[in-house]
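Take a look at the structure set out below.
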Amino acid sequence: MTRAGHSFDALLPAEMARRAEEVGAAKAAQDAVRTLALAVLAGAFIALGAMFATTVASGAGPTLPSGVVRLLSGLVFSLGLILVVVGGAELFTGNNLIVMAWASRRLSHGALLRNWSIVYLGNFAGAMGTVLLVLLSQQYMFDGGAIGGVALATARHKVELGFLQAIVLGILANGLVCLAVWLAFSARTTTDRILAVIFPITAFVAAGFEHSIANMYFVPLGILIRRQAPASFWAAIDAAPADYSGVTWPAFLLHNLLPVTIGNVIGGVVLVGVTYWFVYLRTRQAHSEGRA
């Protein structure tokens, strides 16, 4: 079935690999200003998904099993990557797949690292901007402070992870995130893209894996709530700032963001990008070199 000469059939994996290579080369060739602007958007989009997940988790109630709460949180968190994939934005973890174009020698080491650096910083800016807006809105005080309570508990859990544990959780998370982006390369329609994203993203959130860009929202929000929330909030949740004394900037940067980012790069580059390049693009690259 076709319309305007285009098939509605999903692309097959070999075609997906070629599309991923082309997309990666195009992303790396973008000018820095456009890349940064789209990266800020992606950071905000992922933060909105994280905000949605926190809100849903806070309202799930004590009667639901934890697995169901995790499932619901993961489902709504998918909003973030849906906005990135459908709306168009530059996400560091998804951009790990640019390695496929790099492996095919479509771009240099410098171009690869330039894209990752700009996008990572832009993602951080977008996530932090969303944190500040949520904090100023006092949305965390809704439902008797329950949303803020979940935000604090989430932040504390993340900064208390062991370094190696955080790396491995990051590997698993971005394996699934990049698989979601990979599946979206097969899509012909917006509906295809959304369906491709939902299940891998729901799985990584429900399993408790760690995503560096999402954590740029989760942990800073907890830090700022601990430092800025009024006494009425602490009275509402029957807690005190001292209960979350470990939720600090150094703990976030050194014990969570650093190892999770390392894990995300390993998961996205090795488990997905390099693997699919090896399977579908390696022989084509070898043939090209042979003709040369």
Side-chain angles (χ1 to χ4, degrees), residues 1-2 4-30 35 38 42 81 84-86 88-120 167-168 170-201 203-204 209 211-212 261-292:
M1 181 178 182
T2 61
H6 295 289
S7 171
F8 284 133
D9 292 339
L11 296 183
L12 296 175
E15 298 170 297
M16 292 158 60
R18 290 191 289 273
R19 175 182 281 189
E21 181 185 353
E22 293 296 330
V23 168
K27 284 177 177 288
Q30 281 185 150
T35 299
L38 290 172
L81 193 60
V84 169
V85 170
V86 178
E90 297 289 328
L91 180 65
F92 171 75
T93 46
N95 278 20
N96 284 174
L97 292 180
I98 292 177
V99 74
M100 296 178 73
W102 169 82
S104 293
R105 301 184 182 179
R106 298 284 301 277
L107 54 101
S108 66
H109 307 323
L112 177 71
L113 296 176
R114 170 184 171 273
N115 178 272
W116 284 356
S117 299
I118 294 171
V119 170
Y120 192 82
I167 289 176
V168 177
I171 291 171
L172 292 166
N174 208 34
L176 284 166
V177 170
C178 283
L179 282 172
V181 175
W182 169 256
L183 293 177
F185 284 134
S186 73
R188 297 285 193 180
T189 69
T190 298
T191 302
D192 294 345
R193 290 184 176 90
I194 292 172
L195 291 175
V197 163
I198 287 176
F199 287 103
I201 300 305
F204 107 70
F209 300 154
H211 187 263
S212 57
T261 300
I262 293 170
N264 286 170
V265 172
I266 295 170
V269 169
V270 178
L271 296 188
V272 183
V274 170
T275 298
Y276 276 119
W277 177 86
F278 182 84
V279 172
Y280 293 113
L281 299 175
R282 174 181 57 91
T283 54
R284 191 178 66 163
Q285 177 67 21
H287 291 158
S288 298
E289 292 176 352
R291 288 195 299 270

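When reading the values below, keep in mind they use all heavy atoms of this one structure, side chains included, and skip hydrogens, waters and symmetry mates.
In terms of heavy atoms, G273 sits closest to V99 at CA-CG1, 3.9 Å. For G268 against L97, the heavy-atom pair with the smallest separation is O-CD2, 4.0 Å. Taking each heavy atom of V85 and A184 in turn, the nearest pair found is CG1-CB, 4.0 Å. Taking both residues in full, the closest heavy atoms of D9 and R188 are given as O-NE, 2.7 Å, listed atom of the first, atom of the second, then distance. Nearest heavy-atom pair across T261 and S212 is OG1-CB, 3.5 Å. Nearest approach of S104 to W277, heavy atoms of both residues: OG-NE1, 2.8 Å.
For the salt bridge (Lys or Arg N to Asp or Glu O under 4.0 Å) criterion with E21, the lone passing option out of R106, K27, R282 is R106.
The line from OG1 of T275 to CH2 of W182 is 10.5 Å long, rounded to the nearest 0.5 Å. Between F204 atom CZ and L81 atom CG the span is 9.0 Å, to the nearest 0.5 Å. Of the inter-residue distances, the one linking I167 atom CD1 with N264 atom CG reads 11.0 Å to the nearest 0.5 angstrom. With values rounded to the nearest 0.5 angstrom, M100 atom CE is found 11.0 Å from R18 atom CZ. Here L107 contributes atom CG and R114 contributes atom CZ; the two are 11.0 Å apart, rounded to the nearest 0.5 Å. Considering CH2 of W102 and CG of L113, their distance stands at 9.5 Å, rounded to 0.5 Å.
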_Worked check of side-chain contact (heavy atoms from CB on, under 4.5 Å) between L271 and C178_ = CA-CA 9 Å; L271 296 188; C178 283; over 6 Å; no
_Applying side chain to side chain donor-acceptor pair (under 3.5 Å) to T189 and D192, what does each step give before you reach the verdict?_
CA-CA 5 Å; T189 69; D192 294 345; 3.2 Å; yes
_From CA spacing to verdict: side-chain contact (heavy atoms from CB on, under 4.5 Å), I201, L176_ = CA-CA 7 Å; I201 300 305; L176 284 166; 6.0 Å; no
*side-chain contact (heavy atoms from CB on, under 4.5 Å) between Y276 and L179, worked out*: CA-CA 10 Å; Y276 276 119; L179 282 172; 4.1 Å; yes
*asked:* Applying side-chain contact (heavy atoms from CB on, under 4.5 Å) to F185 and L11, what does each step give before you reach the verdict?
replied: CA-CA 8 Å; F185 284 134; L11 296 183; 5.9 Å; no
_Derivation of the side chain to side chain donor-acceptor pair (under 3.5 Å) call for Q30 and T35_ = CA-CA 6 Å; Q30 281 185 150; T35 299; 3.3 Å; yes
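A 4.5 Å side-chain heavy-atom check between N174 and V265 finds every atom pair outside the cut-off.
Relative ring orientation between F92 and W116 is described as perpendicular, the plane-to-plane angle rising above 60° on a 0-90° scale split at 30° and 60°.
With hydrogens and angles disregarded, a donor-acceptor distance shorter than 3.5 Å links the side chain of E15 to the backbone of L12.
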